[in-house]
2 protein chains.
Amino acid sequence: MSWRKEQGRAERGYHHGNLKEALLQAALGLIAEKGAAGFTFADAARMAGVSAAAPYRHFRDRDELLSSIAQRGFEQFEARLTASWDDGRPDTITAFERVGKAYLAFAREEPAFYAAMFESGLPTDANPALMAAGERAFGVIRAAAERLAALTPPGTPRPPAMMMALHIWSMSHGVASLFSRGDGARRKLPMSPDELLEAEVLIYLRGLGFPTDRRPAAKGAEPPPVPPEASSGSGVPPGGTPGGPWGKPK
Amino acid sequence: MSWRKEQGRAERGYHHGNLKEALLQAALGLIAEKGAAGFTFADAARMAGVSAAAPYRHFRDRDELLSSIAQRGFEQFEARLTASWDDGRPDTITAFERVGKAYLAFAREEPAFYAAMFESGLPTDANPALMAAGERAFGVIRAAAERLAALTPPGTPRPPAMMMALHIWSMSHGVASLFSRGDGARRKLPMSPDELLEAEVLIYLRGLGFPTDRRPAAKGAEPPPVPPEASSGSGVPPGGTPGGPWGKPK
DNA sequence: CAGCTCATGTGAACGGCTTTTACATGAGCC
DNA sequence: GGCTCATGTAAAAGCCGTTCACATGAGCTG
């Protein structure tokens, strides 16, 4: 392998050899540490071992670095959502809830990306590529919502998939930014953010007429994940889950 | 009236006479203009017509000014939520939805306060008074949720009020920060943020077993806001609202 | 290999911000 | 009138973002 600049770091010559990537990595670490607002262009340069002016050879300004990170974040976000959706396997509702969990997991495990994506105060329309990346990530949720909407139990009006997607996104983002981040998560909750979101989504889906009991292992194919009672009696308790999606009420 | 410093502004002497308040107002305007991150201590001082060092006689540092604004914001927020809740009149569900709308209205109409409260990146535990103010504002939602939870239709398991409050908060905050702010609201939505949140909350409440049809004017007292069918047949469509809470699906 | 060229990095400098310090002012009180 | 202390100022240190003229050397060209 041609090793231009012996791999890691060590003695740099005049030229760094991989500054752009090094800056992105440094910035990522700094944002994780001190937030998107506290992050400093000069600090990133220092961390990469170059002068304060060097970054300007690779990014027009500080905002462009930030927006590059946000874009990268949306790409990884999309990948994780896609993976967790797994094309709706083993069944649509299970996969749908998994996407919600993946949303929170990303916010929790990649605070720097999440901050750059949603808390950096970047002008939304500044970078078209950034907006497109965000749109693709949202597309995963929308696609999942479409599959879910197509499964509305018979006798129930079918909700617009786009609306469902927006609802799910707002729930996920709301829980993530209020309760699931390093800093704002100080509030003492009666349950974990994951559980909170899961219950929220389950109640919401039930409100749309979906059966939301915890079937042990419905080995069958996708249709019917809708048990017959859904379209006959009450699509809502009593019965079904003992105590609803939030465990036993004491 | 003793007019110390002729009311508005005009020729100040050496002493301003009302600097603290002037700084708060100036900061509020600046945050509304340029965001919580873009706001500058020096700018506020300039706008108040004093030197850059003067603000330090009233605030330990920039963060304390910001956190004062956030605290004031939570107080006004609480007042507005309380007013819109109106002790649950004319009926609990109507009042509950009104609280959701008030949440969005505040985010839209007071972007500066909202930014200071939720987007300033202030360390949550820094200012106990700030945390307490936030807690009181949330208390309004929690109290409303408690009243609502007490009305769960018979035969339906009663959800924990705290959980409901957290759910409602996360929905409101999610919609507000994703779609209802000056900047991030660029996404073209199929419906207004208000409608989006209203539908979301209605579906959620339906998922908890609440009847969510639009009764024209149930003049009676609070009980029974729950029409008899709620506990007899399907607590969910078909029937009730023509098309669900999101209007006619075309 | 010599030499050219251009991407990449440097140092210095400008203006702005935050915060501190010593000093100035004057409002309120005796 | 004179004291005192809260309140404001000027100046300075240290940081940041950004720009510009200049330095370096990687890679091509012959």
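A, B, ... follow the sequence lines: proteins, then strands. Residue 1 opens every chain.
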Task: Selection: residues 52-63 of chain A, any non-hydrogen atom under 4.0 Å of DNA chain D - done: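 Per residue number, the list reads A:A52, A:A53, A:Y56, A:R57, A:D61, A:R62.
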Open item on the list: Heavy atoms within less than 4.0 Å of DNA chain D: which residues of residues 26-49 of chain A have one? Give them sorted by number.
Closed with: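 Here the set is A:T40, A:F41, A:A42, A:R46.
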Distance-only donor-acceptor pairs under 3.5 Å for side chains of residues 98-107 of chain A, two or more places apart:
residue, atom, partner, partner atom, Å
A:R98, NE, A:S84, O, 2.6
A:R98, NH1, A:R89, O, 3.2
A:R98, NH2, A:S84, O, 2.8
A:R98, NH2, A:W85, O, 3.2
A:R98, NH2, A:R89, O, 2.8
A:Y103, OH, A:Y114, OH, 3.4
A:Y103, OH, A:W169, NE1, 2.9

TODO: Could you tell me how the ring of B:F41 sits relative to the ring of B:Y56: parallel (under 30°), tilted (30 to 60°) or perpendicular (over 60°)?
DONE: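 Rings of B:F41 and B:Y56: perpendicular, over 60°.
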Open item on the list: Walk me through whether B:V50 and B:R57 qualify under side-chain contact (heavy atoms from CB on, under 4.5 Å).
Closed with: CA-CA 12 Å; B:V50 296; B:R57 296 296 178 190; over 6 Å; no
Task: Residue pairs involving residues 58-70 of chain B (criterion side chain to side chain donor-acceptor pair (under 3.5 Å); sequence neighbours excluded) - done: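 Qualifying pairs: B:R60-B:E64, B:S67-B:N127.
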- [ ] Go through the steps to decide whether A:D194 and A:R108 satisfy the test side-chain contact (heavy atoms from CB on, under 4.5 Å), and finish with yes or no.
- [x] CA-CA 11 Å; A:D194 282 75; A:R108 194 182 331 108; 2.7 Å; yes
Task: Cation-pi check, A:K20 onto A:F59 ring (under 6.0 Å, within 45° of axis) - done: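 Yes.
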Task: By salt bridge (Lys or Arg N to Asp or Glu O under 4.0 Å) - contacts of A:E119 (at least two apart) - done: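 Expected list: A:R181.
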TODO: List in chain and number order the residues that pass salt bridge (Lys or Arg N to Asp or Glu O under 4.0 Å) with A:E135, two or more places apart in sequence or in another chain; answer none if no residue qualifies.
DONE: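 So A:E135 forms a salt bridge (Lys or Arg N to Asp or Glu O under 4.0 Å) with B:R187.
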Task: Distance in angstrom units between A:L65 CG and D:dT18 C1', rounded - done: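 Spelled out: CG on A:L65 to C1' on D:dT18 is 14 Å.
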Open item on the list: Output the rounded distance in Å from CG (A:N18) to P (C:dT8).
Closed with: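 Value for this atom pair: 11 Å.
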